[in-house]
Peer 1: 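Before we start, here is the structure in question, set down as structure tokens.
Proteins come first, then strands; the chains are lettered A, B, ... in the order of their sequence lines, and each starts at number 1.
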Protein chains: 2
Amino acid sequence: MDPESDQDVCAKWSETLRAYHGTSCELENELQSRHQLGLSEFEVLQVLSGHCGGADEKVMMKDLEAEMYLSQSALSRTVTRLEKAGLVTRAACELDRRANHLMLTAAGRERWEAARPTHEAVLRKHFA
Amino acid sequence: MDPESDQDVCAKWSETLRAYHGTSCELENELQSRHQLGLSEFEVLQVLSGHCGGADEKVMMKDLEAEMYLSQSALSRTVTRLEKAGLVTRAACELDRRANHLMLTAAGRERWEAARPTHEAVLRKHFA
DNA sequence: AATCATTATATGCATTGACATTCAATGCGC
DNA sequence: GCGCATTGAATGTCAATGCATATAATGATT
């Protein structure tokens with residue numbers, strides 16, 4: 001059932017490619033030039049801030065990985081960059097010392113809040 | 001008009017990300033393991049084969065670049081890889097000797113035709 | 001408690017891609 | 001014909017990513 005033609009399928013893929021490349025490219029440029037953040041860095045901040053309902057929720061690398069389209073190694077390095085920039089902290093988990101608890105710093109939260117409208121505006125431009 | 005909520009816009013972006021990463025990742029894996037082709041390499045072969053209605057149409061790098069989401073430099077290197085693999089040829093254009101005419105070799109056409117069903121199957125799986 | 005498999009994360013290495021620069025061919029103005 | 005801006009493509013350099021592997025903490029088995 002639903003025998004979509006090769007053309008239909010191909011057109012959907014083309015449209016996905018167009019939307020993805022156009023949007024991610026502009027997100028990358030805007031976030032970098034206005035807020036010194038790469039797209040995946042912004043996305044990490046976003047997940048961390050989302051998990052923090054109120055103040056200081058903690059997130060493990062594993063959880064983060066599950067919510068992002070990044071390999072474990074790429075994610076580890078992305079967090080390292082954010083840590084060096086003072087936007088997140090890695091704290092060893094006390095219950096399981098293999099794991100890290102990640103947290104936004106105050107600076108991280110500020111940076112994310114500053115960048116959010118930029119991100120939002122680009123998405124709106126491409127999808128509204 | 002059409003005041004789509006932030007949520008709508010965000011959901012569309014999420015869906016685009018999901019579709020893009022899921023599909024391109026599987027395309028990459030399948031094409032590589034079954035046909036020793038990266039996705040962008042396959043795409044170059046596809047464009048070249050498409051331009052060749054009958055036998056031996058020629059395509060310039062510039063034209064190729066316009067049809068792909070790749071930088072000029074990345075494209076140049078991708079074509080270099082294909083050339084080394086014997087799948088395409090670069091021939092200096094006679095009218096404008098700065099330019100190259102790209103052509104599929106017989107091996108290139110074979111490889112593309114062999115890989116096409118794999119590509120098609122992945123797209124169908126994700127979009128049908 | 002010693003061994004072994006598993007889990008959470010980090011790191012070495014190779015690939016890929018983008019940006020800036022370079023080089024050669026072209027064509028324009030004079 | 002001679003400079004000079006432009007254009008098509010290749011290359012140097014660097015950042016980001018993925019895969020494989022290393023490290024280290026846990027948990028299970030004996």
Peer 1: For M68(B) and dA9(D), give me the distance from atom CE to atom P, rounded to whole Å.
Peer 2: 14 Å
Peer 1: Out of dC19(D), dT26(C), dG17(C), which nucleotide sits closest to the side chain of L70(B)?
Peer 2: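 Selected nucleotide (nearest to the side chain): dG17(C).
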Peer 1: Which residues in residues 78-86 of chain B have a heavy atom closer than 4.0 Å to any atom of DNA chain C?
Peer 2: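 Residues of residues 78-86 of chain B that come under 4.0 Å of DNA chain C are, in numerical order, T78(B), R81(B).
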Peer 1: Is any side-chain heavy atom of L48(B) closer than 4.5 Å to a side-chain heavy atom of L82(B)?
Peer 2: no
Peer 1: Are the charged groups of E120(B) and R116(B) less than 4.0 angstrom apart, N to O?
Peer 2: no
Peer 1: Tell me: CG of N100(B) to C1' of dA25(C), nearest whole Å?
Peer 2: 12 Å
Peer 1: Rounded to whole angstrom units, what separation is found between the CD atom of E41(B) and the C1' atom of dT15(C)?
Peer 2: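 In whole Å, dT15(C) C1' and E41(B) CD are 11 Å from each other.
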Peer 1: Taking atom types as they are modelled, is there a donor-acceptor pair under 3.5 Å from the base of dA9(D) to the side chain of S76(B)?
Peer 2: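 Counting by modelled atom types and ignoring angles, no donor-acceptor contact under 3.5 Å is found here.
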Peer 1: Check if the side chain of R97(A) and the base of dG27(D) share a donor-acceptor pair of N or O atoms closer than 3.5 Å.
Peer 2: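 Checked by distance alone, the answer is no.
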Peer 1: Between E15(B) and K12(B), does any side-chain N to carboxylate O distance fall below 4.0 Å?
Peer 2: no
Peer 1: When all nucleic acid strands are considered with a 4.0 Å heavy-atom cut-off, which category describes L39(B): base, sugar-phosphate, or nothing?
Peer 2: nothing
Peer 1: Starting at atom CD of E28(A), determine the distance to atom P of dG17(C), rounded to an integer number of angstrom.
Peer 2: 15 Å
Peer 1: Say whether, by atom type as modelled, one donor and one acceptor occur between the side chain of R111(A) and the main chain of H35(A) under 3.5 angstrom.
Peer 2: yes
Peer 1: Taking the side chain of R90(B) as its heavy atoms from C-beta onward, which of dT26(D), dA9(D), dT11(D) lies nearest to it?
Peer 2: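 For R90(B), the side-chain atoms sit closest to dA9(D).
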Peer 1: With E65(B), which residues qualify under salt bridge (Lys or Arg N to Asp or Glu O under 4.0 Å), at least two apart?
Peer 2: none
Peer 1: Roughly how bent is the helix from dA1(C)-dT30(D) to dC30(C)-dG1(D) end to end, in steps of 10 degrees, with each end axis from five pairs?
Peer 2: 0°
Peer 1: Heavy atoms under 4.0 Å, any strand shown: does L95(B) hit a base, just sugar-phosphate, or nothing?
Peer 2: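 Sugar-phosphate, no base atom in range.
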Peer 1: For S73(A) and dA20(D), is the shortest distance between a side-chain N/O and OP1 or OP2 below 4.0 Å?
Peer 2: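 Looking at the OP1 and OP2 atoms of dA20(D), neither is under 4.0 Å from any side-chain N or O of S73(A).
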Peer 1: Please determine, for the side chain of R98(A), which listed nucleotide (dT26(D), dA10(C), dA25(C)) has the closest atom?
Peer 2: dT26(D)
Peer 1: Can you identify which nucleotide, out of dC19(C), dA8(C), dG17(C), has its nearest atom closest to the A99(A) side chain?
Peer 2: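 My answer, after comparing the listed nucleotides, is dA8(C).
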